[in-house]
Amino acid sequence: MRLASCVLDPASVVAPVHRRTFGSFVEHMGRCVYTGLYEPGHPLADEDGFRTDVLALTRELGVTMVRYPGGNFVSGYRWEDGVGPRERRPRRRDLAWHSIETNEVGIDEFARWAGKAEVEIMYAVNLGTRGVQEALDVHEYVNHPEGTTLSELRRANGAAKPYGITMWCLGNELDGPWQTGHKTAQEYGLLAAATARALRSAEPGLELVACGSSSSSMPTFGSWETTLLEHAYDVVDYVSCHAYYEELDGDLGSFLASAADMDHFVDSVVATADAVGARRRSKKKINISFDEWNVWYLSRFQGGEPATGWPVAPRVIEDEYNVADAVVVGNLLISLLRHSDRVTAACQAQLVNVIAPIRTEPGGPAWRQTIFHPFAKTAALARGSVLRTRLDAPTYATARYGEVSLVDAVATHDAEDGDVVVFAVNRDQNDPVELTVDLHLFDGDPRLAEAWTLSDDDIRATNTLDDPDRVVPHTTSQVSVDGATLRIVLPPVSWSAIRLEVTR
Ligand code: AHR
């Protein structure tokens, strides 16, 4: 059997595990909101019309923060359409997804849902068709305590206390020609900086995210970040990254190595931001909010029929995920954790129905897609600090990313309770790999607490309405701890999580 190994050192810490790494994204798109999280009349809807099955699955997923309300949608959105009496709310065209927005759900409803789901809200303002004034207005509505027109409007609409939203996205993907109100880097940099300054004078403690490139393959990648940060470095805290991966042309080897691309993407944006900081002789560091990431079969969407008519909550990009997709998602989380020194917030896109871990049927059940499982286990198990995890492992050649490691892994250590958790993937399509983890640098004896593996003889197997639990993680018996050494056999195309208790 092929072998991989690493030595873990509790003193070799990357950064704390940031709870915001386990963020998600709710966009007014397709059926994410309507018949996703909100469906009055559903047998399981609560008094506010929220599906309690989706709320329960959101909590089980371990989501900590949710970006809202878009996405491409936000670049044409008027937030005030979504507040006040429902019967007076306008129906509007959503140009991003060519559908009708009924505005039945707006910020007040979403904040109520977020309270029930126990998640922080990350709010995106419209810098596509709008600007500084509208950003200030929505901030006044949601965060100003009382005594002004818009804070009193919120109170009259039933929310006596402000929502206290800390993280704000300054628009969405404005480098993309598809974006309503698409801008040059210069135009966006000036607008983002002006909006940031205004929001900061309203509330100094806000954490502000400027839009980086909508993918690392954009022609302006790198120069966009440079120009933007030359204008906004001192007034923003984060630059965003967005990345979606898919298996293209049957090239499973490259697809399974998607995290290598994410690693490179993060390293490139960090280097670009630090170069701007160095030129400015700034001590400040700009962090990364990886606020859209996932597997998305984008090529199928682009190859599809153009939208016709103006439907309400149509089925859009409801990708059905298989075992290989789940392994890639688990691996992308490994990459995000590995970069916890600079990636301090991330959102899997999206939460429900639209390229999502949770699927629903209108009037019917909700279920967990395959990608739900590595996310839920990682969010539950990753605690304390991320440890530097340098692997000695065989490599393989990929068409898209060159030579990459067959095994990828990261470990976390909770110094409080002594737990060490190893997350690992095997990208080999045919053979298992034995991973050995040396824990002799820890002060105490490791004991195996739990070990989960997600793999299947059929890597194309999916979870469906009729068979919702076809793919779930299994406890594995192919694991042992001998003295200070952990050994686990990683099946081909698999994701695993192993928790060890280290006691003196
Ligand atoms: O998540 C789907 C879309 O992907 C978002 O609306 C947009 O920001 C990105 O291009």
Side-chain angles (χ1 to χ4, degrees), residues 23-34 36-37 63 65-77 93-99 101 110 122-130 167-183 188 192 209-221 224 228 238-246 258 262 265 288-304 307 313-321 325 329 332 345-359 369 371 375:
S24 186
F25 176 33
V26 166
E27 176 166 4
H28 281 250
M29 172 180 179
R31 299 193 307 114
C32 187
V33 173
Y34 304 112
L37 53 92
V63 167
M65 178 180 75
V66 178
R67 182 167 176 252
Y68 176 85
N72 296 344
F73 169 80
V74 81
S75 294
Y77 181 51
R93 293 178 309 183
D94 163 27
L95 299 184
W97 305 109
H98 216 269
S99 46
E101 173 55 53
F110 185 71
M122 178 197 229
Y123 191 81
V125 299
N126 173 359
L127 292 189
T129 58
R130 299 191 131 186
M167 277 198 83
W168 292 71
C169 299
L170 304 169
N172 177 72
E173 294 192 350
L174 286 148
D175 63 322
W178 59 86
Q179 202 72 212
T180 310
H182 161 62
K183 295 184 172 31
Y188 175 67
V209 185
C211 299
S213 298
S214 43
S215 88
S216 61
S217 58
M218 293 298 289
T220 49
F221 175 61
W224 173 272
L228 151 71
Y238 299 84
V239 63
S240 69
C241 288
H242 290 181
Y244 293 102
Y245 296 97
E246 65 181 311
S258 297
M262 183 182 252
F265 187 3
I288 290 182
S289 169
F290 215 121
D291 47 43
E292 285 189 36
W293 68 268
N294 206 350
V295 171
W296 174 8
Y297 285 86
L298 189 53
S299 55
R300 292 181 201 159
F301 171 63
Q302 284 170 340
R315 287 182 190 263
V316 185
I317 56 169
E318 299 195 357
D319 287 12
E320 191 170 279
Y321 293 111
D325 300 328
V329 161
L332 294 173
C347 304
Q348 188 185 35
Q350 298 188 8
L351 181 66
V352 193
N353 290 326
V354 177
I355 46 171
I358 301 171
R359 279 288 301 272
Q369 293 233 59
I371 62 168
F375 189 107

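Note that ligands are numbered from 1 as they come in the structure, with each ligand's atoms numbered from 1 the same way.
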Practice problem: Could you check atom 9 (C) of ligand 1 against the protein and tell me its nearest heavy-atom contact, residue, atom and distance included? | Solution: E292 OE1, 3.0 Å
Quiz item: How does W296 reach ligand 1, if at all, at less than 4.0 Å between non-hydrogen atoms: by side chain, backbone, both, or neither?
Solution: side chain
Quiz item: What atoms of ligand 1 come within less than 4.0 Å of a heavy atom belonging to E27?
Solution: 5 (C), 6 (O)
Quiz item: Do S214 and D175 pass the side chain to side chain donor-acceptor pair (under 3.5 Å) test, and can you show the C-alpha distance, the side-chain angles, and the key distance before you say yes or no?
Solution: CA-CA 7 Å; S214 43; D175 63 322; 3.1 Å; yes
Quiz item: Do the non-hydrogen side-chain atoms of N72 and N172 ever get within less than 4.5 Å of each other?
Solution: yes
Quiz prompt | Enumerated ligand 1 atoms positioned under 4.0 Å from heavy atoms of E173 | solution = 7 (C), 8 (O), 9 (C), 10 (O)
Exercise. Please state whether the rings of W224 and Y188 are parallel, tilted or perpendicular, taking 30° and 60° as the class boundaries.
Key: parallel
Practice problem: For atom 7 (C) of ligand 1, grab the closest protein heavy atom and report residue, atom and distance to one decimal in Å. | Solution: N72 OD1, 3.2 Å
Quiz item: Got E27 and F73 here, is their nearest side-chain heavy-atom distance under 4.5 Å?
Solution: yes
Quiz item: Which of the atoms in ligand 1, numbered in the order shown and given with their element, are less than 4.0 Å from a heavy-atom of Y244?
Solution: 1 (O), 2 (C), 4 (O)
Quiz item: Based purely on interatomic distance, does W97 place a nitrogen or oxygen under 3.5 Å from a nitrogen or oxygen of ligand 1?
Solution: no
Practice problem: Name the orientation class of the two ring planes belonging to F290 and F265 (parallel below 30°, tilted from 30 to 60°, perpendicular beyond 60°). | Solution: perpendicular
Exercise. List every atom of ligand 1 that sits less than 4.0 Å from any heavy atom of F25, numbering the atoms from 1 in the order shown and giving each element.
Key: 1 (O)
Practice problem: Under 4.0 Å, heavy atoms only, figure out whether ligand 1 is touched by the backbone of V354, its side chain, both or neither. | Solution: neither
Self-check item: Polar atom proximity, H242 to ligand 1 (N or O, under 3.5 Å)
Solution: no
Exercise. Evaluate the side-chain proximity of P177 to M218: yes if any heavy-atom separation is below 4.5 Å, no if none is.
Key: yes
Self-check item: I355 side chain reached by Y321 side chain, heavy atoms, under 4.5 Å
Solution: yes
Quiz prompt | Side chains of D94 and Y77 in contact at under 4.5 Å (non-hydrogen atoms) | solution = no
Quiz item: How close does the nearest protein non-hydrogen atom get to atom 2 (C) of ligand 1, and which residue and atom is it?
Solution: Q350 NE2, 3.5 Å
